[in-house]
Amino acid sequence: MPGTSTPPRRAELMPERPSIVLSGGGLRIEDVLRVMRERPPVAAEPAVLRRLQQARRVVEQHLGSGAPVYGLTTALGANVGKAIAPSELQAYQSRAIQARSVGIGEAASDELVRGVLFTRLAGLSTGGSGISPEVFDALLALLNAGICPLIPRVGSIGVADLPAMSHAMLVLMGQGRARVGGKEVDGAQALADAGLAPVALGPKDGLALISSNAWSVSCAIHAFDQAGQALANLSRAATLTMEGFRANLSPLDARVQAARPTPGQAAAAAHIRALLDGSGLWEKGAARRVQDPLSIRCVAQIHGAVLWARQGLREHIECELNGSGDSPLVVQEPDELLSSSNFHIPGLALSLEALGVSLAQAASAAVQRCLRLYSPGASGLPMQLTQHGPEHSGFATVQKTLTALWSEVRHLANPACLDFFPVSEGAEDHALMAPGVAAKTARLAERVTMIAAIEMLSAAQAVDLAQVSPRGAGTRDTYARIRATAPVLDGDRPLGPDMDAIIGMLRERPFDPPEEAAP
């Protein structure tokens, strides 16, 4: 039972050569990242329309039966089970969105918002929501028009992201605020400028739009991507340290890795070997000592755990992208509306927590590698990586920056998915805080990249003082990038700007992360 507004025709929503086509399945994280960053046109397969029409008929059949159905003929939240007057059914869907627009604080980036809209469209395309096809079309048109609703970052507790999703869908109704081309405008104006009309919602349409974890998923994808970059940077930093430290590479031997095939470890070792391919460290007698400190010797094991955690997060994210968390859920043969709890995502939240802890472990090893480089007893190099003696500080005070970063990483690695209390008269007595977990994991990954940048700068200095020439396929490139960004440290100078410059270089020209391996 769609509303009375005139939505755009489906043909107008189908770009001539769409880059991404929704089919109700088969999506990967990389598809969402493309939508976030590149804004490719998005379309839906004709099969999606048929699926939506069939599901909508199920909703209308139940509406006509008079049977109580949550969110369709009865109220939401603490008012569960209380009937909605037939004359209020349509208006209730709009009010449900308005009443749940309680988010506050800084607005999310346009990238995250595009991820939210695309992720919700992906979920709707499975047919489990029973949304009106016209409302689906209107949401698709909103995304393709480049309209980014303002979504405050604070408000969702990860039990379906009702506050965040409500702010996103206000604009669809011609309300709220949006950004278009970097400029903030009223939602109604954004629609008018794009030649779109506000949508009028039919029964269940409002619930279908907002009962989704699309905000959590979009934030999780950002964290996933940041973690991949952090791990790539850590791998580059660790291998350059190996060059300057003149490390023993025998622990990376494929036969050693095969002796205990822990998930992720062999893939991490293969990536490190590739970065060191051609290095003089592979030659007999190149290693300075028989056994190196664990932070150098065990990089494959430590980074392998990050790969394992990241792959686990991928599986949970892609399950969300290609499934339906709607409640009630539309099923067919026989046609039913079933109460569902698939909106609850403990696996996603716990996977994010695991990724954060594993990255923190890897960051700890990176900090220790830096400290070993600064210590002549461990590295055989001059104290604090300066050849000018005690009259110069060299890298001594960089340890303070490392300590500050490590303290923040350690704090962010603490679990946040347990910090909740019951709401809605006890009906919602368990929560996962998934958006907050995703946000802290992304922030942790950013701090880990800063630690990796410091290790790269330190390792490049160690290479220069050791008078070795990195010949590894990756280490040669890493060293060249560092020295193109920051010169060797001779006399003391402010190193903060050098570290910031390397961090900027890593953001502008990211390294490829290691290949994932299934847990």
Side-chain angles (χ1 to χ4, degrees), residues 226-227 229-231 233-245 292-296 299 302 306 356-414 440-466 478-479 481-483 485-507:
Q226 291 294 109
Q229 292 306 313
L231 183 58
N233 295 330
L234 285 172
S235 298
R236 291 283 181 150
T239 50
L240 192 58
T241 290
M242 291 176 187
E243 295 272 22
F245 198 87
D292 298 318
L294 295 179
S295 60
I296 296 174
V299 171
I302 298 167
V306 182
V357 172
S358 66
L359 265 181
Q361 287 278 352
S364 172
V367 171
Q368 292 303 316
R369 288 193 296 270
C370 289
L371 299 182
R372 300 293 83 77
L373 288 176
Y374 305 157
S375 170
S379 68
L381 298 170
M383 174 75 78
Q384 310 299 350
L385 297 180
T386 176
Q387 59 186 341
H388 295 300
E391 295 83 9
H392 287 250
S393 295
F395 279 70
T397 53
V398 171
Q399 296 177 72
K400 301 181 186 301
T401 309
L402 284 168
T403 301
L405 285 169
W406 168 244
S407 176
E408 188 171 357
V409 166
R410 176 69 182 83
H411 172 71
L412 291 168
N414 284 317
K440 80 178 181 73
T441 304
R443 183 174 176 84
L444 185 154
E446 291 171 356
R447 292 301 186 261
V448 172
T449 280
M450 292 179 178
I451 290 173
I454 295 174
E455 185 184 357
M456 288 181 194
L457 183 63
S458 304
Q461 183 78 3
V463 162
D464 290 323
L465 291 175
T478 305
Y479 176 81
R481 285 211 210 179
I482 298 304
R483 283 293 168 248
T485 307
V488 64
L489 179 68
D490 188 11
D492 283 346
R493 68 168 186 268
L495 285 177
D498 288 1
M499 293 185 285
D500 272 334
I502 294 169
I503 293 165
M505 178 270 291
L506 295 175
R507 288 172 178 162

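The model shown is predicted, which means the values in this text are computed figures rather than measured ones.
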Checklist entry - Can you list the residues that meet the side chain to side chain contact (heavy atoms under 4.5 Å, CB included) rule with Met505, with sequence neighbours excluded? => result Arg481, Ile482, Thr485, Ile502

By salt bridge (charged side-chain N to carboxylate O under 4.0 Å, His left out), which residues pair with [X], not counting sequence neighbours?
{"X": "Arg410", "result": "none"}
{"X": "Arg507", "result": "none"}
{"X": "Glu446", "result": "none"}

Next on the checklist: With side-chain hydrogen bond (donor to acceptor under 3.5 Å, both in side chains) as the rule and sequence neighbours excluded, what pairs involving residues 360-372 come up?
Outcome noted: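 Every pair satisfying side-chain hydrogen bond (donor to acceptor under 3.5 Å, both in side chains) with a residue in residues 360-372: Gln368-Arg372, Arg369-Glu455.
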
Test your reading of the model: is there a side-chain donor-acceptor pair from [X] to the backbone of [Y], 3.5 Å cut-off?
{"X": "Lys440", "Y": "Gly356", "result": "no"}
{"X": "Gln461", "Y": "Leu489", "result": "yes"}
{"X": "Ser375", "Y": "Leu371", "result": "no"}

Results of side-chain hydrogen bond (donor to acceptor under 3.5 Å, both in side chains) for [X] - residues two or more places apart only:
{"X": "Ser358", "result": "none"}
{"X": "Arg483", "result": "Asp464"}
{"X": "Asp292", "result": "none"}
{"X": "His392", "result": "none"}

Next on the checklist: Applying ring-ring contact (aromatic ring centres under 6.0 Å, His included), can you list everything that pairs with Tyr374, at least two apart in sequence or on another chain?
Outcome noted: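 Phe395.
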
Checklist entry - Got a sec, which residues hit ring-ring contact (aromatic ring centres under 6.0 Å, His included) with His411, two or more places apart in sequence or on another chain? => result none

Checklist outcome for this item: Tightest non-hydrogen contact, residues Val306 and Ala362, listed as CG2-CB, 4.1 Å

Checklist outcome for this item: Exactly one candidate in Val398, Asp498, Leu240 meets side-chain contact (heavy atoms from CB on, under 4.5 Å) with Leu457; the answer is Asp498

Do [X] and [Y] touch side chain to side chain, with heavy atoms closer than 4.5 Å?
{"X": "Asp490", "Y": "His388", "result": "yes"}
{"X": "Ile454", "Y": "Leu405", "result": "yes"}
{"X": "Leu465", "Y": "Pro382", "result": "yes"}

Rounded to the nearest 0.5 Å, how far apart are [atom1] of [X] and [atom2] of [Y]?
{"X": "Ile451", "Y": "Leu359", "atom1": "CD1", "atom2": "CG", "answer": "10.0 Å"}
{"X": "Arg443", "Y": "Glu408", "atom1": "CZ", "atom2": "CD", "answer": "4.5 Å"}
{"X": "Thr449", "Y": "Leu444", "atom1": "OG1", "atom2": "CG", "answer": "10.0 Å"}
{"X": "Ser407", "Y": "Arg447", "atom1": "OG", "atom2": "CZ", "answer": "11.5 Å"}
{"X": "Ser379", "Y": "Leu385", "atom1": "OG", "atom2": "CG", "answer": "6.5 Å"}
{"X": "Asn233", "Y": "Leu506", "atom1": "CG", "atom2": "CG", "answer": "4.5 Å"}

Next on the checklist: Applying salt bridge (charged side-chain N to carboxylate O under 4.0 Å, His left out) as the test, list every pair that has at least one member in residues 374-387; sequence neighbours left out.
Outcome noted: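 Found none.
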
